[in-house]
Amino acid sequence: MQGFNKYYPPDYDGEKHKSLNAYRGKHALGDRARKLDKGILITRFELPFNIWCGTCNNHIGMGVRYNAEKKKIGSYYSTPIYSFRCKCHLCDGWFEIQTDPKNTRYVVVSGARQKDEEWNPAENGGFAIHDTEGNAGPVDPLAALEKSTAAQNHATQVQIPRLESLQDVSDHYNSDPYALSSLVRKRFRAEKKLDAAKREVDNQLKGRYGLPETLQLVVEDDEAKNDAREQWERGRRDFEAQTSIRKARLYSSATPASLSISGSSSQGRDALSSLKARILDNTRRSSSLLGKGKPPDGRLGLN
């Protein structure tokens, strides 16, 4: 476990030395502040882009870290400009990189050269991202006055009424928070009960007809009823049309067979009537022979 207690020597005077670092003659940053009297602080610096060392001409990739000498060399308005002086790890050469707050970037000052990997929007049909040169012409006083007048009219006629209406709405909804909250909770409870009742009815309907539980039933209203009625009537008309077409096809296919059956039945009736006539004729002949006293012919029957 790390110890947090500090040793205070017998000759340590808090009012005189103020701190243990001052007593020992050391800085709180340790060896990083060895050049602090020159305005240089040793800090960890990471290369923001690829460079070639100017001394050994070796490539140094982006992201390589160095113990750089950080120093403030100027300001851009209120933003300080810092310089980072690093020693190449492949040789004894030094290179320096500075910040450029005006263009929000880093610039190689000496000892190396940057690999050009930037994309110029102006060369590719775009617009410059950082346009700080001010290419516009001199400002027209009349145009500036007209612009300010238009902005003032817009603020008076559009923005101020809109802000006042928003303030009125805010005052209306924040006048009595408890009453509004109670009203919202009451409405929520009523809607919750209606949803629970509808869910129960839907579950009963699904269980009655064996519908899946994941099926979402539509809300039963006038529009849904009318749509369902129209679909049912349309399906009924389609079914009746298909049934009539099927009956017509069956009638057309069954007509020749019925005609042949009727023809065969008429022929059978003619044969039966002729057979009956022959039987009656033979019976009459046999009865006439018996009346004359002659023995009947042994071959009574059909001739």
Side-chain angles (χ1 to χ4, degrees), residues 39 41 43-51 62-63 68 70-84 96-110 113-196 198 216 218-227:
L41 177 65
T43 184
R44 199 69 173 166
F45 179 72
E46 182 177 335
L47 289 181
F49 39 67
N50 298 320
I51 63 172
M62 177 179 61
K70 179 181 178 182
K71 180 174 61 175
K72 181 180 178 181
I73 60 174
S75 298
Y76 176 73
Y77 294 102
S78 60
T79 305
I81 300 176
Y82 292 104
S83 171
F84 299 91
E96 184 177 354
I97 298 177
Q98 294 181 3
T99 59
D100 186 8
K102 180 179 179 180
N103 298 315
T104 62
R105 55 179 298 178
Y106 289 92
V107 179
V108 178
V109 178
S110 62
R113 54 191 177 91
Q114 178 184 353
K115 183 179 180 181
D116 189 8
E117 295 178 333
E118 296 183 357
W119 180 74
N120 189 359
E123 295 179 356
N124 295 274
F127 299 94
I129 300 177
H130 303 287
D131 190 5
T132 58
E133 300 298 330
N135 296 326
V139 180
D140 187 3
L142 296 178
L145 179 61
E146 182 179 358
K147 185 175 181 181
S148 61
T149 305
Q152 185 177 2
N153 294 334
H154 179 73
T156 305
Q157 300 175 3
V158 178
Q159 295 181 354
I160 293 178
R162 179 58 177 166
L163 291 175
E164 292 177 352
S165 63
L166 292 176
Q167 186 65 36
D168 294 339
V169 172
S170 179
D171 295 340
H172 172 71
Y173 284 107
N174 295 324
S175 58
D176 191 357
Y178 177 76
L180 295 175
S181 179
S182 301
L183 180 62
V184 171
R185 290 199 302 269
K186 182 178 180 181
R187 185 182 304 171
F188 174 75
R189 286 193 293 268
E191 293 178 355
K192 187 176 180 181
K193 290 181 180 179
L194 292 177
D195 293 340
K198 181 180 179 300
Q216 297 293 335
V218 298
V219 181
E220 186 177 357
D221 52 3
D222 295 338
E223 184 177 359
K225 290 181 180 179
N226 294 332
D227 293 341

Can you tell me if CZ on Arg44 sees more than 12 non-hydrogen neighbours from other groups inside 6.0 Å?
-> yes
Please tell me if the side chains of Glu164 and Ile160 come closer than 4.5 Å, counting only heavy atoms from C-beta onward.
-> yes
Take Leu47 and Tyr106, measure what side-chain contact (heavy atoms from CB on, under 4.5 Å) needs, and give me the verdict at the end.
-> CA-CA 9 Å; Leu47 289 181; Tyr106 289 92; over 6 Å; no
Search all heavy atoms of Val108 against all heavy atoms of Arg113 and return the closest pair with its distance.
-> CG1-N, 4.3 Å
Please name the pair of heavy atoms, one in Pro101 and one in Pro80, separated by the smallest distance, quoted to 0.1 Å.
-> CG-O, 4.0 Å
What distance do Gln157 atom CD and Gln152 atom CD have between them, rounded to the nearest 0.5 Å?
-> 10.5 Å
Interatomic distance, CD@Gln159 vs CZ@Arg162, rounded to 0.5 Å, equals 11.5 Å
Shortest non-hydrogen contact between Met62 and Asn50, atoms and distance | N-OD1, 2.6 Å
Check: Leu166 main-chain N/O paired with Ser170 side-chain donor or acceptor under 3.5 Å | no
Calculate, to the nearest 0.5 Å, the distance between atoms CD1 and NZ belonging to Ile81 and Lys71 respectively.
-> 13.5 Å
When rounded to the nearest 0.5 angstrom, what is the spacing between CZ in Phe49 and CD1 in Ile97?
-> 4.5 Å
Roughly how far apart are Lys115 NZ and Ile51 CD1, rounded to 0.5 Å?
-> 12.5 Å
Could you grab the distance from atom OG1 of Thr149 to atom NE2 of His154, nearest 0.5 Å is fine?
-> 14.5 Å
Answer yes or no for Lys70 and Tyr82: cation-pi contact, defined as NZ/CZ to six-membered ring centre under 6.0 Å and angle to ring axis within 45°.
-> yes
Heavy atoms of other groups near Lys198 NZ, more than 12 under 6.0 Å | yes
Under 4.5 Å between any side-chain heavy atoms of Tyr76 and Asp100, yes or no?
-> no
Work out which heavy atom in Pro161 is nearest to a heavy atom in Ala155; give both atom names and the distance.
-> CD-O, 4.4 Å
Does Asn153 CG have over 12 foreign heavy atoms under 6.0 Å away?
-> yes
